[in-house]
Protein chains: 2
Amino acid sequence: MKNILFDFISKYVSLTEEEKNAIVSLDIFRSVKKGTTLLKEGQRSKDSYFVLKGCIRAYYVLDGEEKTTAFYTEMEALTPPSVISKTPSEYYISCIEDTILTVSNADMEIETNHKFPKFEMMCRMLSEELLAKQRMDFDEFKTSSPEQRYLNLIQKRPDLIQRVPQHQLASYLGIKPQSLSRLRARIFEKSKS
Amino acid sequence: MKNILFDFISKYVSLTEEEKNAIVSLDIFRSVKKGTTLLKEGQRSKDSYFVLKGCIRAYYVLDGEEKTTAFYTEMEALTPPSVISKTPSEYYISCIEDTILTVSNADMEIETNHKFPKFEMMCRMLSEELLAKQRMDFDEFKTSSPEQRYLNLIQKRPDLIQRVPQHQLASYLGIKPQSLSRLRARIFEKSKS
DNA sequence: ATAACTCGTTCACTTAAGTTAAGAAAAGGA
DNA sequence: TCCTTTTCTTAACTTAAGTGAACGAGTTAT
């Protein structure tokens, strides 16, 4: 399990055994059951997550309705905006499947970054990369229709279609469950002819 | 002009006179005329921008149509995704107004970050902050209708409504210019009654 | 075993965005 | 100034998403 994390880190910086041990001794590995809520609206948390195995989702509750805005699966990292802005969380994070992840808090990271400048660099590179990736996702979302978005998702994250309930996928695509259902039927009709 | 940049930096780290001089000596300040294109599709650029005065926009050309996805105004920074991913740019960046900005390239930043660890930290903090901010913008976009998005824009960036042509605003909101026009008329009708 | 709930689908109807086209208003260039 | 181009608006029509309701299949709880 730890190797997944170290493999990930090695994409950015190379760690000595000593540094690896330092990480392990932080005791950040957690195993959580499907359905567990990691973060609730209104909470002031300092925790960031990195998914080793499983799937977690972020969602808002607006007018009593859940609006899912993100899924994080294997090898994906998440620091909630509320942790950065030091304000109460506006959304929920919960586990769609039994999940293994690391939980690290902001204070811990400040200390680690201070001790190992290498870490500071890794965090910078990771943030820059995620920022660029998300920028592209956002642009793609803006410039395409719900149907195109769905077809896109099939290409880019086919696993999500399998492992996530459709009504959550729908709000992830910015539409209602009924519309996703209809849209899928429409695509199926087209593919037949 | 330089003070705008230093004021911005001071939100993250405090600089010594020596460090300020090091920045000035990099000769990164540029003044560009309205209409200038800073980056074209297909180009391999290493440049990042920080707007001191004016406005620049990022847009794709899809099926011969411009799709505007972002505006950057005073005190906003932009590193195109293509600079991070080291691939040819997928979009254009050009100036909507006469603009004063800083242009820094990736190699230069690596050197500066190496010389001043303070910079590395600032870049990390800035990226994290932008990532969080953009995450929230994306979520808001996903969870609202074109009309809500427009009303939102009036609240959050009223200046854009004034300084940007409507057809560019429309694609920024993910709709066609005609729809924005209609939507505005609809809002106006509602406000009367 | 049955009742209650969740999930996905379908349908009829409403609402709003896309499309095509035309024309007025404003901006820019010669 | 006049002409051209760009920008914005309006309108009629098409297409697709939102809404409310109903239904069956599958799951969970009692």
Side-chain angles (χ1 to χ4, degrees), chain A residues 33-37 55 57 59 61-68 71 94-98 141-154 160-193, chain B residues 33-37 55 57 59 61-68 71 94-98 141-154 160-193:
Chain A
K33 280 257 161 290
K34 174 176 175 171
T36 309
T37 297
C55 180
R57 74 184 242 265
Y59 61 98
V61 175
L62 306 175
D63 304 320
E65 227 184 328
E66 285 189 8
K67 303 272 191 177
T68 299
F71 299 102
S94 69
C95 300
I96 293 187
E97 305 170 354
D98 289 352
F141 190 95
K142 262 190 194 172
T143 58
S144 57
S145 67
E147 186 172 325
Q148 286 173 311
R149 277 176 223 152
Y150 179 70
L151 292 170
N152 237 310
L153 194 66
I154 292 178
L160 284 188
I161 314 260
Q162 304 307 320
R163 67 209 288 195
V164 169
Q166 302 233 353
H167 64 280
Q168 289 174 12
L169 272 186
S171 68
Y172 180 67
L173 294 169
I175 57 177
K176 301 286 163 188
Q178 297 94 316
S179 298
L180 177 55
S181 209
R182 175 168 42 195
L183 175 163
R184 278 160 51 90
R186 200 165 61 219
I187 291 172
F188 184 67
E189 280 311 306
K190 282 183 199 165
S191 74
K192 276 199 307 188
S193 58
Chain B
K33 279 259 161 291
K34 174 175 178 171
T36 308
T37 297
C55 180
R57 76 184 241 264
Y59 61 98
V61 175
L62 305 175
D63 306 319
E65 229 184 329
E66 286 188 7
K67 302 274 191 175
T68 300
F71 298 102
S94 69
C95 300
I96 293 188
E97 306 170 352
D98 289 352
F141 190 93
K142 262 190 192 170
T143 58
S144 57
S145 67
E147 185 171 327
Q148 286 173 311
R149 279 176 222 151
Y150 179 71
L151 291 170
N152 237 310
L153 193 66
I154 293 178
L160 284 188
I161 313 256
Q162 303 308 319
R163 66 208 285 194
V164 170
Q166 299 225 359
H167 65 280
Q168 291 174 9
L169 272 186
S171 68
Y172 180 68
L173 294 170
I175 58 176
K176 301 286 165 188
Q178 297 92 319
S179 298
L180 177 55
S181 208
R182 176 168 43 197
L183 176 162
R184 279 159 50 89
R186 200 164 62 220
I187 290 171
F188 184 67
E189 280 311 306
K190 282 184 198 164
S191 74
K192 275 200 307 188
S193 59

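So you know, we letter chains A, B, ... as the sequences are listed, proteins then strands, and number each from 1.
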For this session: For each nucleotide in nucleotides 12-30 of chain D, reading 5' to 3', give B when a protein heavy atom comes within less than 4.0 Å of its base, S when such contact involves only the sugar-phosphate, and - otherwise.
Result: ----SBBBB----------

Exercise. Only one of Arg57(B), Gln168(B), His167(B) forms a side-chain hydrogen bond (donor to acceptor under 3.5 Å, both in side chains) with Thr68(B), so which one is it?
Worked result: Arg57(B)

Exercise. Are the side chain of Asp98(B) and the backbone N or O of Lys33(B) linked by a donor-acceptor pair below 3.5 Å?
Worked result: no

For this session: First locate atom OG of Ser145(A), then atom CG of Leu151(A), and finally report the distance between them rounded to the nearest 0.5 Å.
Result: 8.0 Å

Problem set entry | Heavy-atom side-chain proximity of Leu183(A) to Leu173(A) below 4.5 angstrom | no

Mind calculating the distance between [atom1] ([X]) and [atom2] ([N]) to the nearest angstrom?
X	N	atom1	atom2	result
Arg163(A)	dC7(C)	CZ	P	18 Å
His167(B)	dT9(D)	NE2	P	12 Å
Tyr150(A)	dG8(C)	OH	P	11 Å
Gln148(B)	dA17(C)	CD	C1'	15 Å
Ile96(A)	dC7(C)	CD1	P	11 Å
Glu189(B)	dT9(D)	CD	C1'	14 Å
Glu97(B)	dG28(C)	CD	C1'	17 Å
Asp98(B)	dG28(C)	CG	P	11 Å

Problem set entry | Least distance between heavy atoms, Gln166(A) atom then Leu180(A) atom | O-CD2, 3.5 Å

For this session: Please determine which of Tyr150(B), Phe141(B), Tyr59(B), Phe71(B) meets the ring pair (Phe, Tyr, Trp, His ring centres under 6.0 Å) test together with Tyr172(B).
Result: Phe71(B)

